[in-house]
Amino acid sequence: MSASPSADSAMVTSPDYYARLRIPSSASDRDIRQAYRELSKQYHPDTTTLPLPAALQEFQKLQEAYAVLSDPERRRLYDFQLEQHRWTTSRAAALPNPSPRQPRVATVTSDRERTLSAGEIFALFLLSLTVVGCLVLTIGLGLLRGEQLLQTPSWFQVTTPAADVQAIALPDSEPAAIETPALLAPTSNDNPAAS
């Protein structure tokens, strides 16, 4: 059975139920029941020496605390909310309070200053392993097919340095006649002046 949203929000803002029952937060169900019985005898409107309005108010606070702490689900929710409230207030107290005169300047850290996370290191490891694996696979398949590892490409023409030197040394020789293809040679039918 869950408490209503208004009761849940009241749990966080209300005083500590453990303090109302005068027990520690680690108290067992038996300790809660025993503390409630003793305090209810003390604050019950029929048995107390307090004025009736004060006795009713204190007794209702005891009943509220007992109702929350005696139900395991509501107690678990209350403990969680109480711990969260304590953590939030202690965290807010620990943070520095900036003065209104000094504007807060955001500091930007460079990506080069941070260390790599474990996930990033693992991703780099997998990437390098993949590259090395591809290289090994390519070389292995080439060797299995019987291809040479170092082979000159077909587009690379090997020229001998002696032939280059001979062509530079003999510039007086006549250049070779440029032959024009038969399709581009002028014919008598193409020349209108000849007719």
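Shortest non-hydrogen contact noted between T138 and C134 is OG1-O, 2.8 Å. Minimum heavy-atom separation, T115 to E120: O-OE1, 4.4 Å. Smallest separation of non-hydrogen atoms from P45 and A55: CA-CB, 4.1 Å. Here the closest non-hydrogen pair linking L62 and R20 is CD2-O, 3.7 Å.
Atom-to-atom distance recorded for L129:CG and F122:CZ is 9.5 Å, nearest 0.5 angstrom. Here OG1 of T49 is found 10.0 Å from OH of Y43. Values are rounded to the nearest 0.5 Å. Atom CG of D16 and atom CD1 of I23 lie 9.0 Å apart (nearest 0.5 Å). Note: L126 CG to I121 CD1 = 12.5 Å, rounded to the nearest 0.5 Å. Here OG1 of T48 is found 14.0 Å from NZ of K41. Values are rounded to the nearest 0.5 Å. Between atom CD of residue Q63 and atom NE2 of residue H44 there is a gap of 7.5 Å, rounded to the nearest 0.5 Å.
Within the 4.5 Å cutoff, the side chain of Y18 has no heavy atoms near those of the P24 side chain.
Residues L50 and L56 do not share a hydrophobic cluster, clusters being chains of Ile/Leu/Val/Met/Phe/Trp/Tyr side chains in contact below 4.5 Å. Under a hydrophobic-cluster definition in which Ile, Leu, Val, Met, Phe, Trp and Tyr are linked whenever side-chain heavy atoms come within less than 4.5 Å, directly or via other members, L82 and Y66 are assigned to the same cluster.
Under 3.5 Å, the side chains of D71 and Y78 contain no donor-acceptor pair of N or O atoms.
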Step by step, would you call R75 with D29 a side-chain contact (heavy atoms from CB on, under 4.5 Å)? CA-CA 10 Å; R75 181 179 180 185; D29 291 338; 3.7 Å; yes
Test side-chain contact (heavy atoms from CB on, under 4.5 Å) on K61 and L39 and set out the steps. CA-CA 11 Å; K61 288 179 182 179; L39 291 172; over 6 Å; no
Where do E38 and R22 land on the salt bridge (charged side-chain N to carboxylate O under 4.0 Å, His left out) test, with the steps shown first? CA-CA 11 Å; E38 289 174 7; R22 299 178 189 157; over 6 Å; no
Could you please spell out the steps behind the side-chain contact (heavy atoms from CB on, under 4.5 Å) verdict for F80 and R76? CA-CA 6 Å; F80 174 75; R76 194 171 329 132; over 6 Å; no
